[in-house]
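Notes follow the structure.
All values below come from the heavy atoms of this structure, side chains included, with hydrogens, waters and symmetry mates left out. Just so it is clear: chains get the letters A, B, ... in the order the sequence lines come, proteins before strands, and each one is counted from 1. Given the structure is predicted, the values throughout are model-derived calculations rather than measurements.
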Number of protein chains: 2
Amino acid sequence: MTVTVTVTQRQTRVAWIEAAYRELARAGERGVAITALAARLGVTKGSFYWHFKDRTELLRALLDRWAHERTDEMLRMSLGSTGDTRERLRRIQALGREVAPIDRAMRLWAQHDKDAAEAVRQADRALLAHIAACLEELDFTPEESRLRALLMLRTWAGGYLVQGPPGDLGPDPDARMLEILLAR
Amino acid sequence: MTVTVTVTQRQTRVAWIEAAYRELARAGERGVAITALAARLGVTKGSFYWHFKDRTELLRALLDRWAHERTDEMLRMSLGSTGDTRERLRRIQALGREVAPIDRAMRLWAQHDKDAAEAVRQADRALLAHIAACLEELDFTPEESRLRALLMLRTWAGGYLVQGPPGDLGPDPDARMLEILLAR
DNA sequence: TCATCTCCATACTCCATAGTACGGTGACCA
DNA sequence: TGGTCACCGTACTATGGAGTATGGAGATGA
């Protein structure tokens with residue numbers, strides 16, 4: 001009955017990954033500290049090094065965890081596709097705000113880690129293709145669509161690095177930014 | 001003749017700051033390690049702790065160093081103002097590419113340091129105002145100008161976090177991105 | 001009942017880096 | 001020529017976090 005054994009082990013291993021994932025979204029990759037996570041889970045490091053070889057193995061598991069979550073989001077984006085293309089883009093924008101903490105953490109992590117950079121790159125490739133497909137429906141050329149998709153993604157991610165100014169930006173700046181990116 | 005003494009001291013102190021500044025641009029705030037800098041300068045930590053109270057004092061000096069450099073750049077931008085507004089914006093864009101390493105390091109540092117965040121915020125306030133002023137010359141309303149200036153800055157900074165896709169973007173993507181941000 | 005296996009606690013080591021104590025050297029000055 | 005001082009080398013301590021060695025508790029099956 002190795003099956004039961006495996007299930008039980010994976011349960012606790014998943015608990016570690018989930019806790020680490022929350023901490024990653026909250027405090028970044030550097031915040032994923034084994035001792036602190038153990039305290040949060042009510043156990044000690046002894047538990048961790050039973051389920052994982054080392055910290056790197058946990059971090060790789062976090063990359064997988066994130067990649068799968070992103071894939072699910074992409075599927076939800078494709079399935080819940082309204083007829084209105086602008087509405088689809090607005091939903092992508094809203095989804096971006098929703099996943100901002102973990103997205104931010106991943107992109108910052110990718111700045112100094114090759115594997116994280118590759119994960120982000122793969123995810124962005126799919127997201128950019130999806131946005132570009134939306135733009136082609138609005139009669140932009142494929143080349144122009146790819147360029148504007150990149151522009152949108154950089155604008156959203158740039159929000160992590162550039163805060164809004166003190167001056168008044170008017171009502172619903174996000175919606176108006178989207179309109180600017182769709183103007184010819 | 002304490003004057004001579006002071007000058008000599010400041011020379012070496014400045015050497016430390018310059019070396020740290022280069023390392024900041026190259027490897028980020030975490031890369032500013034005292035022992036490594038000492039080796040690069042051909043001295044030991046004993047020298048460092050003569051000129052600085054601790055590592056924090058060096059980091060604060062780096063913030064000042066950067067803020068002054070940014071002020072100088074803003075002055076150069078204002079002085080070398082051509083009549084053509086689009087040309088001015090292109091020059092700002094080019095200047096952004098030029099200072100990308102240190103700019104990137106500062107923004108990443110600002111993600112987990114309050115003082116660095118404040119320094120970036122102050123610098124961005126001036127830069128955004130300058131870009132917005134350019135946009136007003138192109139007959140955008142003040143509100144619209146502030147919004148588009150923010151859009152531009154976020155796009156440029158977003159380039160640190162989002163790499164270009166494998167697909168072809170056509171000739172001179174930066175210039176065409178600028179045109180998109182100027183379209184109505 | 002005892003033998004084994006899973007899971008975890010305890011108590012360490014190891015390593016990198018910040019920071020300190022103190023002594024030495026060379027220049028300059030009275 | 002002896003004294004002072006700026007400047008730095010040497011050798012330490014302190015700290016935080018990763019990783020290890022080992023034993024023990026509890027379940028489980030023969």
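- Per the geometry, CZ belonging to A:Phe52 stands 15 Å off P belonging to D:dT20, to the nearest Å.
- Applying the 4.0 Å criterion to OP1 and OP2 of D:dC8, one finds that B:His51 has a side-chain N or O inside that range.
- No salt bridge links A:Asp168 with B:Arg146; every basic N to acidic carboxylate O contact stays at or beyond 4.0 Å.
- Here A:Glu23 pairs with A:Arg26 in a salt bridge; the nearest charged N to carboxylate O distance falls below 4.0 Å.
- C:dT17 atom P lies 18 Å from atom CG of B:Asp54, rounded to whole Å.
- Rounded to whole angstrom, the span from the CZ atom of B:Arg13 across to the P atom of D:dC8 amounts to 13 Å.
- Separating the CD atom of A:Glu57 from the C1' atom of D:dA18 is a distance of 15 Å, rounded to the nearest angstrom.
- For B:Trp50 and D:dT10, the CH2 to C1' distance is 17 Å, given to the nearest whole Å.
- Distance, B:Glu29 CD to C:dA18 P: 10 Å, rounded to whole Å.
- For the pair B:Arg13 and B:Glu57, the salt-bridge criterion is met [side-chain N within less than 4.0 Å of a carboxylate O].
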Could you pull out every donor-acceptor pair under 3.5 Å between side chains of residues 122-136 of chain A and any protein atom, sequence neighbours left out?
residue, atom, partner, partner atom, Å
A:Gln122, NE2, A:Glu118, OE2, 2.8
A:Asp124, OD1, A:Arg107, NH2, 2.9
A:Asp124, OD2, A:Arg107, NH1, 2.9

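- The stretch residues 34-45 of chain B touches DNA chain D through B:Gly42, B:Val43, B:Thr44, each having a heavy atom under 4.0 angstrom from the strand.
- Within a 6.0 Å sphere centred on CZ of A:Arg97, heavy atoms belonging to other residues, nucleotides or ligands number more than 12.
- The interatomic distance linking A:Phe48 (CZ) with C:dA9 (P) rounds to 14 Å, in whole Å.
- Of the listed nucleotides (C:dT20, D:dA18, D:dC8), D:dA18 has the atom at the smallest distance from the side chain of A:Arg55.
- Between the A:Arg65 side chain and the A:Glu18 main chain, no donor and acceptor come within less than 3.5 Å of each other.
- Here D:dT20 is the nucleotide among C:dG19, D:dT20, C:dC7 with the atom lying nearest to any side-chain atom of A:Tyr49.
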